[in-house]
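Order of the sequence lines fixes the chain letters, A, B, ..., with proteins taken first and strands second; residue numbering starts at 1 for each chain. Heavy atoms only: backbone and side chains are in, while hydrogens, waters and symmetry mates are out.
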Amino acid sequence: MSRVIAPRTPKGFRDFLPETMLRRSYALDRIREVFHLFGFEPIDTPILELHETLFGKYGEDAEQLIFTAQHGRSAKDPLAMRYDLTVPLARLVGQYESQLNLPFKRYHIAPVFRGERPQRGRYREFWQCDADIVGAASMSADAEIIIMMHEILKRLGFPQFIIKINHRKLLTAIGEYSGVPQDKLADLYRSVDKFDKIGAEGVQKELIERGIDAAAVSRMMDLIQSREPGGDSLDRAAKTIGGGDNGLAELRELAELLADASIADEHYDFDFTMVRGLGYYTGPIFETVISQPNLGSISGGGRYDNLIGMFRRQSLPTTGTSFGIERIIDLMDELDLYPPHLGGTLVQALVTVFSEETRRASTRIGGQLRAAGINTEVYLGRRKLGRQLAHADKKGIPIVVIVGPDEIAAGVVKLRRLRDGSEATVPEAGLARAVGEFLSNC
RNA sequence: GUGGAUGUAGCUCAAUGGCAGAGCACCUGAUUGUGGUUCAGGCGGUUGAGGGUUCGAGCCCCUUCAUCCACCCCA
């Protein structure tokens, strides 16, 4: 006898059983419906891209996390697994430009792969839900993205959330204003990004440890901490660092557009401590925070006007957002944001089978229920009725349709609602409507 | 990549260096047309793996693997 192979998945890769998949599908459906509502259309691309498509876009640190792939008999085109959905979009736009109408609004819901060490809410295969607008330079595109993020968070049921907004150019301007040298800017952003976690003192301490001049640090701290509601923090920043191409004018325009869309002040915040990791952003950047329980950000995004230029003679201004479904699911589990009817199964009715002699009758009745749009399971084993009821109960199927010799002889079926044990005997002709009524009271 | 914790039945966890256990789950019956409750019985283990110390190791030591947590980074 050969030995059994230990059944396991690779590190950071997961299986999903039905109960989990139902919750994931629910969240993805809510996100997808908002994408549709805003006029975004679906695309898909291969999991594998050519090595040259992915490398050179993210920065050295990130690229160490890219899974590479090869096939023994065709090794001449090095392959890699997609790291996000943004670079594949850029490639796709470069490749099919003539078939796309600009501005091109697409969404893409698919798995991506990063070779990081797994942790809670963080895996090596995870799903992203991206929506981007290609070929629109105006702030109304960025505003539309933010308004859509707001709608998604509302529909997922998060009671409190904040969309933080910052600007790549403002980060640069802040660094210059405080006199932080060019080669320390990356350190600066990294520390500033930890503001929520380690506080002002922590950031200050870390920056000084990294060799940034104390005077420059304190000038900068004053500026980035100017947290005031709505556009007021923009006014204050403008007073300090003045005009120029520092993103403040664009953020002000965004603020007006968000106000026009009646997005409540409490749901967005111009936060100069928010930094996005990926290197390709060029304009406004966004990130969503749900404060408790703290799992980090669940969505992010921003404007990246140059990326598509890597696959096309001329670049196209692009802005978009990405939702990470894994953290969303963890948070929704923790806050129990699922509707009550979302149980462990999608089966709505189980048709019992009394004996092999009556199986055909049960199959016929199951067919009628399915024709009426009711998710139906006809019992496939040979066990006594009690066991069939136990099966329904354990799976969480709300209704059992009992079809025995007595019922068949009388041309009726018996319905039983498991939640309260109530029963009804109905003629076969009125079955679907009776099940529908039972279901609506579940 | 760095540091820490934990690995015992399908799951959650017990067990001074001295006979490997409990609860849940599962199976059978009480109950041949009615689930959840109850009762009785049953199945279930190379204590993650490999080595060492010891009369004796689930427990101590070493190695290794896995998982979790905190960093790094990020969804």
Does OP1 or OP2 of [N] have a side-chain N or O of [X] closer than 4.0 Å?
X        : N     : value
A/Lys194 : B/C71 : no
A/Lys197 : B/C71 : yes
A/Gln119 : B/A70 : yes
A/Arg117 : B/A70 : no
A/Arg417 : B/G36 : no
A/Lys11  : B/U67 : yes

Inset, instruction - Look up atom CE in A/Met81 and atom CD1 in A/Ile66, then write down how far apart they are to the nearest 0.5 Å. - result: 11.5 Å
Legend entry - Nearest-angstrom distance from the residue atom CG of A/Asp406 to P of B/U34: 12 Å
Inset, instruction - Check every atom of B/U31, B/A75, B/C26 against the side chain of A/Lys394 and return the nucleotide holding the closest atom. - result: B/C26
Legend entry - Which nucleotide in B/A75, B/C27, B/U34 has an atom nearest any side-chain atom of A/Arg383: B/C27
Inset, instruction - Output all residues satisfying side chain to side chain donor-acceptor pair (under 3.5 Å) with A/Glu357, sequence neighbours left out; order by chain, then residue number. - result: A/Ser355
Legend entry - With A/Arg359 via side chain to side chain donor-acceptor pair (under 3.5 Å) - residues at least two apart: A/Glu356
Inset, instruction - Treating a pair as Watson-Crick (purine N1 to pyrimidine N3 plus N6-O4 or O6-N4) or G-U wobble (N1-O2 and O6-N3) with both distances under 3.5 Å, list the stems of 3 or more consecutive pairs that involve RNA chain B. - result: B:1-7 with B:65-71, B:10-13 with B:21-24, B:26-30 with B:38-42, B:48-52 with B:60-64
Inset, instruction - Would you mind classifying the nucleic acid contact of A/Leu65 as base, sugar-phosphate or nothing, using non-hydrogen atoms under 4.0 angstrom? - result: nothing
Legend entry - A/Asp84 and A/Tyr58 side chains, donor-acceptor separation under 3.5 Å: yes
Inset, instruction - Indicate whether the side chain of A/Thr318 and that of A/Asp132 have a donor and an acceptor atom separated by less than 3.5 Å. - result: no
Legend entry - A/Glu250/A/Lys169 ion pair, N-O < 4.0 Å: no
Inset, instruction - Using the six-membered ring for Trp and the full ring for Phe, Tyr or His, decide whether A/Phe354 stacks on the six-membered base ring of B/G33 (centres under 5.5 Å, planes under 30°). - result: no
